[in-house]
**Student:** 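Okay, handing you the structure first.
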Amino acid sequence: MDSGKLKNRWIALYVENQVGVLAKVSGLFSGKSYNLQSLTVGTTEHEDISRMTIGVSSDDITFEQIKKQLNTMVEVIKVVDLTDTPIHMKEVLFAKIKKVTPEEKAEAYRIAQAYEIQVIDTDLDSVLLESTLTERRNNDLCSLLRRTFKHIDIVRGGAVAIEGLSTSCR
Amino acid sequence: MDIAGKKLIMKALMEEGVDTVFAYPGGMITDIMDEMYKQDNLKVVLPRHEQALVHEAEGYARSTGKVGVCLVTSGPGATNTITAIADAHYDSIPLVVLTGQVPQGLIGNDAFQEVDIVGMTRSITKYGVTVRDRKDLGKILKMAFTIARTGKPGPVLVDIPKDIQTENGPGEYPKDVVIRGYKPNESVHIGQLKRAYKLLRSAKQPIILAGGGVRISGAGKELLAFAKKMNIPVVTTIMGKGVIPEDNELYIGNSGMHGRYAANMAVMECDVLFSIGTRFNDRITGDLNEFAPKAKIIHVDVETASISRNVVVDIPVVSDAKLALEKLMEWAEPLKTTKWLDKIYAWEKENPLVMRDIKGLSPQKVMEGINEVFPKAIVVTDVGQHQMWATQYIKIGEGGQMITSGGLGTMGFGFPASIGAKIANPKKDVVCVTGDGGFQMNMQEMATAMCQGAEVVICIMNNQYLGMVRQMQQLFYGKRYSMVSLRKQQEWRDASKDVTDQDRAYVPDFMKLAETYGAKGIRVTTQEEIIPALKVAKKTKGAPTIIEFCIPSEELVLPMVKGGNPMSEMILK
């Protein structure tokens, strides 16, 4: 049976844009031992409504429970399960590569080219990359950067997602 | 016209029909207190501790179905309420808890008596909020009462900074409020209910499992009518105890960890389990893999999140219990269950619920005495062995009710809750069945009971132990009675020499305690004294009575299913 298998899933959550709501939502995950992978939040077209993009890793039964528990919260306006719907998903990532030799610098540019990401700043011995790929693709990028360079700072923003218009995006 | 926040709070209480407020003073609510002083139609109950305060409000709410209203100050006043709020949350009790808060300018400064009470109670309230703008006060209070009492009820906490209490602002208290993220279930999916009925119709050995939700929804009569019409036997959780009169032949008893043998066997052997208003707590199910192994399960609950959480069910129905039962009643046709009932009665005969004969004072005899002298009482229990004996042997008839801390299992709950129940029901008998341990957790409330003239009959089942834990040690830890003796000298030190009776004395002397507060105390040591003592207490007016029942030290609550074991593995003797 598949229902016991851990799987990565995504939820879009519309919540009241109020003090304490983020704490309440994240508290649910820690309090009930749900496995939170990623959580981003920002306001929507309505100033008083925020939308969260939440990534969790769970089995089917737990995931159903998570959605129900979120729904019971007064501050939660709508729970949208994005797991099996076509979505556009992006994550901002900055990677600062430091103390590079000219060869390494060239390699950084080659990686940027291959991954179709931007070199947004550069200095004598350092390069700053900016990526807005999917979370998965960013994982691959991170892994490669870690193996290639010794001195890197990585800042990741967490994934944001929106339902697509066509049926084949992700 | 603009009015001060404190005046709007009074207006809200009046328009919500609040007649009683449980309140304890403090620096950050002095303005509200001053306003309450001017109210003629508001009874204010002053307890002796804020935990007890909220339990008293729970007793009020549990016995009336109305919202219990609490008012405490910031800091320690607020933190003291936490255990009782968790208790109310677990048992779905409607409360509105108003906490004072330091002025907004001081929040975050570690000001005197400042705590983030909303943050602390986030996971144990249905809703909690700090009022940050005076103009939102009316709307927030309306939301609080609405959320507390509708859907699956629960406690709501409103934290009100001192500046909001005095600031002038809009004077209107809204008639209703739209909360876009809150839509309690007010209808029932007919198709789903039909499927449930069809399954029930096909059953040969059906059982109804009724929980506290049936009481909350006020569906006792509907449940009885439905069970009678379809000839389906009923078992209850301890929160559901008393939803149908216990003398009815279809009522089997409580199921669960200390349930009746016949009730647990019926759940093990049934082919359709119709459960309503219960969340399949582990005390009911035991080993989940072995729970109702032969049954298809129907689950009616008002909260979606309660369904298929602990037990995977075959037919979920999201609905208020009363609504579902009224609809089911329209279709109900009798089933032939005579054989099944005979089977259940045979189990009851095989292992009836009865305590062993003992020389001293049998707990069962005490409970039967209470049944005799107080047949229509509200019986409030604390938590522990006495609680289980009460759920086993107290008979709740028409007009009676059992109030108990079911989910959280809060020692110290019983006595204050009984005071709240008495205040709400001055004409009814209120009996508090408690233990010597649990009573001591909130016995300062003797003063509250005296000051309120609350005629609560306090039955302390004194076995000089924290008996429920001792029972576990007795059965599963080789009688190593670690930390459970309430006598002066701990059991494990007894091996040391020269221990005199004085050294092992029991404290306190509950008779002197009663006397200190100006109440009557009666000590009962033999079976013959039970009824006379209860009768004296019944006649006592204007004050509580303590009856100390000196029961044997090592009596057990049986039957028992060890936590995590299947319900069929009952320890009977």
Side-chain angles (χ1 to χ4, degrees), chain A residues 1-5 9 11-36 39 41 43-52 54 56 58-81, chain B residues 86 89 92 101 104 107-108 116-133 136 139-140 143-144 146-148 150-159 161 177-185 279 288 301-313 316 318:
Chain A
M1 210 170 93
D2 272 0
S3 66
K5 270 193 198 158
R9 302 150 202 271
I11 294 170
L13 194 69
Y14 289 93
V15 297
E16 297 288 348
N17 180 11
Q18 286 168 359
V19 178
V21 177
L22 176 60
K24 186 154 182 177
V25 170
S26 58
L28 176 81
F29 284 85
S30 58
K32 296 196 183 290
S33 286
Y34 301 146
N35 203 348
L36 183 65
L39 191 158
V41 59
T43 51
T44 62
E45 64 279 15
H46 304 287
E47 262 179 20
D48 56 345
I49 298 178
S50 298
R51 176 167 158 145
M52 295 182 180
I54 298 176
V56 296
S58 75
D59 59 41
D60 288 350
I61 292 172
T62 310
F63 188 58
E64 279 308 304
Q65 226 354 264
I66 291 172
K67 287 188 283 181
K68 287 176 180 174
Q69 290 289 343
L70 288 169
N71 253 320
T72 64
M73 289 182 182
V74 173
E75 298 90 340
V76 169
I77 299 163
K78 201 162 98 178
V79 182
V80 186
D81 181 356
Chain B
H89 184 63
S92 310
Q101 181 58 281
Q104 289 187 85
I107 291 179
D116 172 19
I117 192 64
V118 172
M120 287 177 183
T121 55
R122 205 163 267 140
S123 63
I124 52 165
T125 49
K126 194 170 167 190
Y127 183 62
V129 66
T130 302
V131 184
R132 288 167 194 277
D133 192 334
D136 295 335
K139 183 189 161 201
I140 286 175
M143 277 175 75
T146 307
I147 291 168
T150 53
K152 180 175 175 168
V156 175
L157 188 138
V158 182
D159 192 35
V177 63
V178 178
I179 311 161
R180 56 187 166 191
Y182 179 68
K183 286 176 191 64
N185 218 288
R279 71 182 130 217
L288 280 169
D301 201 286
V302 74
E303 193 185 56
T304 319
S306 291
I307 290 176
S308 285
R309 175 161 60 169
N310 301 339
V311 170
V312 179
V313 302
V318 180

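The structure presented is a predicted model; accordingly, all values stated were derived computationally and were not measured. Just so you know, these numbers use all the heavy atoms, side chains as well, and skip hydrogens, waters and symmetry mates. By convention in this document, chain letters (A, B, ...) are assigned in the order of the sequence lines, proteins followed by strands, and residues within each chain are numbered from 1.
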**Student:** Taking side chain as everything from C-beta outward and backbone as N, CA, C, O, which of these in B:Thr304 sits under 4.5 Å from a heavy atom of chain A? Side chain, backbone, both or neither.
**Tutor:** both

**Student:** I'd like to check B:Ile147 versus A:Val74 (side-chain heavy atoms, cut-off strictly below 4.5 Å). Are they in contact?
**Tutor:** yes

**Student:** Non-hydrogen atoms of chain B under 4.5 Å away: do they reach the side chain of A:Gln18, the backbone, both or neither?
**Tutor:** side chain

**Student:** In terms of heavy-atom contacts, does NZ of B:Lys139 have more than 12 from other residues, nucleotides or ligands at under 6.0 Å?
**Tutor:** no

**Student:** Search all heavy atoms of B:Arg132 against all heavy atoms of A:Val19 and return the closest pair with its distance.
**Tutor:** NH2-CG1, 3.7 Å

**Student:** Any salt bridge between B:Arg180 and A:Glu16, counting N to O under 4.0 Å?
**Tutor:** yes

**Student:** Hey, could you give me the CZ/CD distance between B:Arg309 and A:Gln69, rounded to the nearest 0.5 Å?
**Tutor:** 5.5 Å

**Student:** Check each atom of B:Lys126 against the heavy atoms of chain A and say whether the ones under 4.5 Å are side chain, backbone, both or neither.
**Tutor:** backbone

**Student:** Minimum heavy-atom separation for B:Ala305 to A:Thr72, with atom names?
**Tutor:** CB-CG2, 3.8 Å

**Student:** Verify, without hydrogens or angle tests, whether A:Lys68 (side chain) and B:Ile307 (backbone) share a donor-acceptor contact under 3.5 angstrom.
**Tutor:** yes

**Student:** Looking at chain B, which one of A:Thr62, A:Leu28, A:Asn71, A:Ile49 has the largest number of heavy-atom pairs inside 4.5 Å, strictly under?
**Tutor:** A:Ile49

**Student:** Between A:Glu75 and B:Gly181 (side chain of the first, backbone of the second, donor and acceptor by atom type, cut-off under 3.5 Å), is there such a pair?
**Tutor:** no

**Student:** Quick one: OH on B:Tyr182 to CD1 on A:Ile77, what's the gap to the nearest 0.5 Å?
**Tutor:** 15.5 Å

